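Step one of this worksheet: look at the structure below.
Because the structure is predicted, anything quoted here is derived from the model rather than measured.
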Number of protein chains: 2
Amino acid sequence: MNQAKPRYQQLKDLIIGRISSGELQPADRVPSENELVESMRVSRMTANRALRELNDEGYVERVAGRGTFVSDYRSQSHLLEVHNIADEIARRGHTHTSCVIRRSPQHARGEVAKALHVQQGTDVFHLLLVHAENGIPIQLEDRHVLASFAPDCLQQDFETVTPSAYLTSISPLQEAEQVVRASLPNRAVQEHLDMKDGEASLVVIRRTWSNGRPVTFARLHHPGSRYELTGHYTPPGTSRSTSSDVVQLEELRQ
Amino acid sequence: MNQAKPRYQQLKDLIIGRISSGELQPADRVPSENELVESMRVSRMTANRALRELNDEGYVERVAGRGTFVSDYRSQSHLLEVHNIADEIARRGHTHTSCVIRRSPQHARGEVAKALHVQQGTDVFHLLLVHAENGIPIQLEDRHVLASFAPDCLQQDFETVTPSAYLTSISPLQEAEQVVRASLPNRAVQEHLDMKDGEASLVVIRRTWSNGRPVTFARLHHPGSRYELTGHYTPPGTSRSTSSDVVQLEELRQ
DNA sequence: TGTACTAGCCTGTATATACAACTTGAAGAG
DNA sequence: CTCTTCAAGTTGTATATACAGGCTAGTACA
């Protein structure tokens with residue numbers, strides 16, 4: 001079962017490990033090819049392949065003549081771009097504000113326990129907040145977080161740092177699953193988002209993994225008249241941009 | 001401006017060209033590394049890099065001991081998986097039926113002309129059909145196709161081959177853009193999809209490019225109570241599956 | 001002081017070579 | 001005829017080497 005991994009993969013795993021453990025921070029310098037040749041006893045071509053693939057995959061950025069540097073996950077594509085609504089709003093030059101409605105410890109049950117793969121009654125934190133763009137509410141975030149993953153969750157000031165940004169600062173998010181639905185909001189959602197009677201809502205249900213297990217489960221409600229999801233698909237190989245082979249989902253205001 | 005491309009990239013472009021021109025069909029054998037060494041006068045490592053990257057990008061599949069083969073775009077991830085509702089339904093073991101409501105030549109104007117980047121009055125074809133899963137309507141497809149791209153569009157039997165499948169058979173789709181909205185359907189949409197009063201609809205507006213220009217523009221309406229979009233995100237490098245670094249969007253019935 | 005230049009490091013690419021593991025088909029043994 | 005074995009071709013990986021080109025810091029020079 002435990003097949004010996006190729007050496008270039010071992011190198012990749014090693015560096016990814018240093019990044020996700022926090023030993024290597026964004027913009028930090030990664031050992032150069034020649035340094036890896038010496039310390040790891042590999043040939044330069046093997047080190048080159050490891051670093052080149054990490055570059056293709058967005059973990060690091062390489063500059064000829066300077067070196068290899070850890071990518072800044074926060075301003076990067078992949079998962080995180082999808083997650084932080086404050087960044088999305090800032091990108092369109094608007095101001096983001098948010099208002100915490102509830103922030104409390106809970107015991108997981110029913111849907112939440114099932115989504116997080118934990119026993120009924122496991123400690124979780126429940127967050128409920130409204131995000132606004134230029135003062136207009138556009139997202140009601142209803143999130144459950146595994147308490148063991150983020151013990152100091154309730155001490156955070158989520159009006160300055162979004163839960164999404166906080167969670168990614170703890171540990172890089174590694175996998176996510178989302179479902180998009182259209183529905184009529186219940187009374188509470190409708191009022192929090194200032195929606196008219198009969199207005200449809202766009203609901204994104206997102207579950208995020210870290211280190212192989214789900215750690216947070218969120219329902220994101222948006223007013224259908226003021227919100228949409230846009231995606232852009234590019235086939236692999238046509239563009240040389242670093243994120244050409246991922247789908248970028250962005251929330252855009254109409 | 002016109003920098004000489006590296007040789008491995010030239011090899012990739014050459015093979016991609018043969019695939020998209022139709023010279024190489026899905027499951028066809030691609031020249032082996034050693035054949036490329038002889039015919040293209042490159043070293044085996046250069047040929048290896050070209051083929052390996054084409055494999056990583058999903059164009060081809062490589063089997064040690066056998067060779068390199070063109071991927072089957074139709075049953076593959078990337079763009080096409082997203083597009084064909086008949087395949088999605090078949091994948092869950094259900095039966096797909098569709099009913100053509102309208103099929104007519106038109107002159108593009110307004111939103112359609114703008115979306116397709118053509119002058120007002122340009123010839124397009126308008127298709128309107130309902131897709132059903134096990135007899136239950138789940139998608140109203142309202143599509144405009146550039147007449148110059150698919151001249152024999154009106155002769156097709158879209159009840160056996162979906163417009164999406166037909167269009168991809170003409171030319172590989174190269175780029176797509178989509179917007180997801182939640183809204184209340186108008187009377188016509190509501191009736192075609194057998195929706196209850198006050199039921200929200202999930203609308204996907206999709207524009208697809210081929211050879212650098214938009215060729216089709218579709219509005220896909222779904223009943224909110226019976227339909228959802230699911231997406232799964234995997235970061236690059238953790239999984240070895242061929243489509244690990246793309247987001248797969250699938251339509252799933254609740 | 002300030003400018004020009006160069007040495008040294010870095011990445012990017014290309015080649016030649018080698019060995020391992022896998023697949024297939026053909027030759028040979030029974 | 002059937003089974004075994006083996007050779008040839010294929011991909012996968014690893015190494016050593018080479019040269020080109022970008023970047024930077026420090027030195028030499030004016």
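Residues A:Tyr166 and A:Asp152 have side chains in contact (heavy-atom distance under 4.5 Å, counting atoms from C-beta outward). Considering only heavy atoms from C-beta on, A:Val42 stays 4.5 Å or farther from A:Tyr8 through its side chain.
One can place CG of B:Leu11 at 13 Å from P of C:dT13, the figure rounded to the nearest angstrom. To the nearest angstrom, C1' of C:dA16 lies 15 Å from CZ of B:Arg41. Per the geometry, CD belonging to B:Glu53 stands 12 Å off P belonging to C:dG12, to the nearest Å. Here C:dT11 presents its P atom at 8 Å from CZ of A:Phe69, a figure rounded to the nearest Å.
If one axis is set at each end of the helix from C:dT1-D:dA30 to C:dG30-D:dC1 from five pairs, those axes are 20° apart, to 10°.
Put simply, the side chain of B:Gln10 gets close to the backbone of B:Lys5: a donor and an acceptor are under 3.5 Å apart.
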Q: Would you please test B:Gln9 and B:Asp13 for side-chain hydrogen bond (donor to acceptor under 3.5 Å, both in side chains) and show each step?
A: CA-CA 6 Å; B:Gln9 186 63 51; B:Asp13 291 343; 3.0 Å; yes

Q.
Working note: B:Phe149 + B:Ile170, criterion side-chain contact (heavy atoms from CB on, under 4.5 Å); need CA distance, chi angles, decisive distance, verdict.
A. CA-CA 8 Å; B:Phe149 177 72; B:Ile170 294 180; 4.0 Å; yes

(Q) Treating primed atoms plus P, OP1 and OP2 as sugar-phosphate and everything else as base, which nucleotides of nucleotides 6-13 of chain D get B, S or - for protein heavy atoms under 4.0 Å? (A) ---BBBBB

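Checking the phosphate oxygens (OP1, OP2) of D:dA14, no side-chain nitrogen or oxygen of A:Thr46 falls inside 4.0 Å.
Taking the six-membered ring for Trp and thresholds of 30 and 60 degrees, B:Tyr227 and B:His222 have nearly parallel ring planes, at less than 30 degrees apart.
Within 6.0 Å of CD in A:Glu35 there are more than 12 heavy atoms belonging to other residues, nucleotides or ligands.
With sequence neighbours excluded, no residue forms a salt bridge (charged side-chain N to carboxylate O under 4.0 Å, His left out) with B:Arg7.
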